[in-house]
Amino acid sequence: MDGGTGCERMRYAAITGWGMAVPDRVLTNADLERMVETTDEWIASRTGIRERRVVGPNDSTTSLGSAAAKQALERAGLTANDIDLIVVATCTPDQFLVSQACLIQAEIGGNAGALDIGAACSGFVYALSQGSVYIQAGQAERVLVIGVDTLTRFVDWSDRSTCILFGDGAGAVVLEATDEPRGLLSTVLGADGAGSKHLYIPGWGGLVPESAELFPEYRPYLQMNGREVFRFAVRVMGDAAAEAVKRAGLSFADIDMLIPHQANLRIIDAAAERLNLPKEKVMVNIDRYGNTSAASIPIALVEAESSGRLKDGDNLVFVAFGGGLAWAAGVVRWGR
């Protein structure tokens with residue numbers, strides 16, 4: 001109770017720790033030239049990708065997510081026992097019955113609540129929103145948010161339209177309650193379920209055929225209508241980012257950096273143009289990692305921080321799109 005004053009201080013969820021993990025194996029465009037009919041020049045000019053990281057036999061969604069989480073906890077000066085809730089954004093869990101968050105908790109320790117968010121490439125912003133809401137509502141003091149995917153496990157390496165795009169990785173942040181206006185200031189979440197036919201993995205999950213011999217056309221690989229997804233992404237990335245800035249009570253001039261989902265350089269450029277941001281205010285690392293799905297924004301965030309591009313009080317825009325078709329954007333004020 002506030003003693004009858006009617007005033008309660010707003011709670012925010014500051015990002016106090018961050019970490020990332022990627023597999024050791026690097027797959028370059030030159031490597032892909034030997035696998036499918038493509039060229040380095042063709043891939044780079046159309047996507048901005050030069051290389052990507054691919055899981056090996058000892059890698060998993062659990063191992064990558066756990067490594068990123070431990071890094072984030074160390075950066076925050078915390079242990080897993082200090083965490084009240086773990087939220088994992090992934091569309092490539094290692095198991096179905098057990099949540100990916102539980103599998104990661106088993107690796108890092110503690111007894112935090114554990115839940116998954118399934119919003120594909122938009123998942124990290126969805127998970128960040130969920131974790132922030134728990135803190136703002138007073139239901140948690142510290143939340144660990146992880147974005148991790150290993151989509152190359154579901155890529156058809158003979159399909160040159162999709163195998164060039166994806167990589168694997170994980171990124172994590174620690175959120176802590178604060179009275180200072182830090183962390184997520186606004187969120188825009190949306191989806192067009194009718195567009196799910198344009199980006200999906202057929203038959204995965206409950207619809208997997210009992211026998212592939214009975215379904216010779218069944219191919220459990222990622223399928224994408226590239227033209228439709230591109231058109232959707234160019235429109236929704238800019239619109240969602242602009243709406244998030246508006247909801248935060250800011251103008252484009254107040255934005256210090258755009259950290260977008262790393263799916264295609266041309267899509268990123270279109271979103272930056274919509275926000276009237278110069279290239280030096282846009283974080284791009286798609287050339288080295290490709291599309292790491294839910295991991296792409298937190299990986300880019302970690303690299304922006306480690307390269308000295310972020311300072312206390314900076315206003316950042318996160319924006320993503322992905323399977324669903326879902327989209328998400330948020331304005332984050334950097335600093336503890």
Side-chain angles (χ1 to χ4, degrees), residues 18-36 38 40 43-44 47-74 88-96 98-109 116 118 120-121 123-124 146-172 201 204-205 208 219-224 261-263 285-303 306 322-323:
W18 48 91
M20 60 171 281
V22 292
D24 292 331
R25 182 188 174 193
V26 178
L27 187 70
T28 67
N29 290 349
D31 295 327
L32 284 170
E33 287 180 352
R34 294 187 287 270
M35 298 167 59
V36 294
T38 191
D40 172 63
I43 298 171
T47 69
I49 302 170
R50 296 285 182 182
E51 61 185 40
R52 69 286 292 149
R53 299 298 183 97
V54 176
V55 289
N58 297 320
D59 299 313
S60 66
T61 300
T62 301
S63 67
L64 293 175
S66 300
K70 290 175 182 177
Q71 224 181 77
L73 288 168
E74 181 178 2
V88 175
T90 188
C91 59
T92 55
D94 288 333
Q95 292 189 25
F96 287 122
V98 178
S99 76
Q100 186 59 56
C102 280
L103 296 176
I104 290 175
Q105 187 215 62
E107 292 296 316
I108 67 174
D116 290 356
C121 302
F124 178 77
I146 304 166
V148 54
D149 271 309
T150 51
L151 268 173
T152 66
R153 294 186 296 162
F154 304 97
V155 165
D156 181 353
W157 293 104
S158 67
D159 178 5
R160 65 177 182 174
S161 67
T162 57
C163 73
I164 64 172
L165 300 175
F166 296 96
D168 303 317
I201 299 175
W204 193 33
V208 174
R219 293 172 63 78
Y221 299 122
L222 186 145
Q223 307 291 316
M224 183 175 71
H261 171 46
Q262 307 287 309
N285 62 359
I286 189 174
D287 55 314
R288 291 177 292 115
Y289 299 111
N291 181 347
T292 55
S293 190
S296 74
I297 287 179
I299 287 175
L301 175 69
V302 171
E303 293 207 327
S306 64

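Just so you know, these numbers use all the heavy atoms, side chains as well, and skip hydrogens, waters and symmetry mates. Computed from a predicted structure; not experimentally measured. Residue numbers start at 1 and run along the sequence shown.
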Considering only heavy atoms from C-beta outward, does the side chain of [X] approach that of [Y] to under 4.5 Å?
| X | Y | result |
| --- | --- | --- |
| Ser63 | Ser66 | no |
| Leu32 | Cys163 | yes |
| Trp157 | Val155 | yes |
| Ile43 | Arg160 | no |
| Glu33 | Asp40 | yes |
| Phe154 | Thr92 | yes |
| Ile286 | Asn291 | no |
| Ile299 | Trp18 | no |

Would you give the length of the straight line joining atom [atom1] of [X] to atom [atom2] of [Y], rounded to the nearest 0.5 angstrom?
| X | Y | atom1 | atom2 | answer |
| --- | --- | --- | --- | --- |
| Phe166 | Thr152 | CZ | OG1 | 10.5 Å |
| Cys91 | Ile201 | SG | CD1 | 6.5 Å |
| Asp159 | Leu222 | CG | CG | 8.5 Å |
| Leu103 | Asp94 | CG | CG | 6.0 Å |
| Thr61 | Leu151 | OG1 | CG | 8.5 Å |
| Lys70 | Ile104 | NZ | CD1 | 10.5 Å |

Just by distance, do the side chain of [X] and the backbone of [Y] share a donor-acceptor pair under 3.5 Å?
| X | Y | result |
| --- | --- | --- |
| Arg25 | Val54 | no |
| Ser293 | Ala295 | no |
| Thr28 | Asp31 | yes |
| Arg52 | Ile164 | yes |
| Asp116 | Gln100 | yes |
| Gln71 | Ala21 | no |
| Gln223 | Tyr221 | yes |
| Asp59 | Leu64 | no |

Non-hydrogen atoms of [X] and [Y] that approach each other most closely:
| X | Y | result |
| --- | --- | --- |
| His261 | Ser296 | ND1-OG, 2.6 Å |
| Gly323 | Ala120 | N-CB, 3.5 Å |
| Ala89 | Phe124 | CB-N, 3.6 Å |
| Cys121 | Gly322 | CB-CA, 3.9 Å |
| Ala172 | Ala72 | O-CB, 3.8 Å |

Q | Passing candidate, side-chain hydrogen bond (donor to acceptor under 3.5 Å, both in side chains) with Arg288, options Glu51, Glu303, Gln262 | A |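 Single pass found, and it is Glu303.
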
Q: Kindly determine whether Val88 and Gln105 satisfy side-chain contact (heavy atoms from CB on, under 4.5 Å), including the steps that lead there.
A: CA-CA 10 Å; Val88 175; Gln105 187 215 62; over 6 Å; no

Q. Given Asp149, which of Asp168, Thr292, Thr90 fulfils the side chain to side chain contact (heavy atoms under 4.5 Å, CB included) condition?
A.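 Considering Asp168, Thr292, Thr90, a side chain to side chain contact (heavy atoms under 4.5 Å, CB included) with Asp149 is found only for Thr90.
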
Q: Evaluate the criterion side-chain contact (heavy atoms from CB on, under 4.5 Å) for residue pair Tyr289 and Met20; output intermediate values, then yes/no.
A: CA-CA 12 Å; Tyr289 299 111; Met20 60 171 281; 3.7 Å; yes

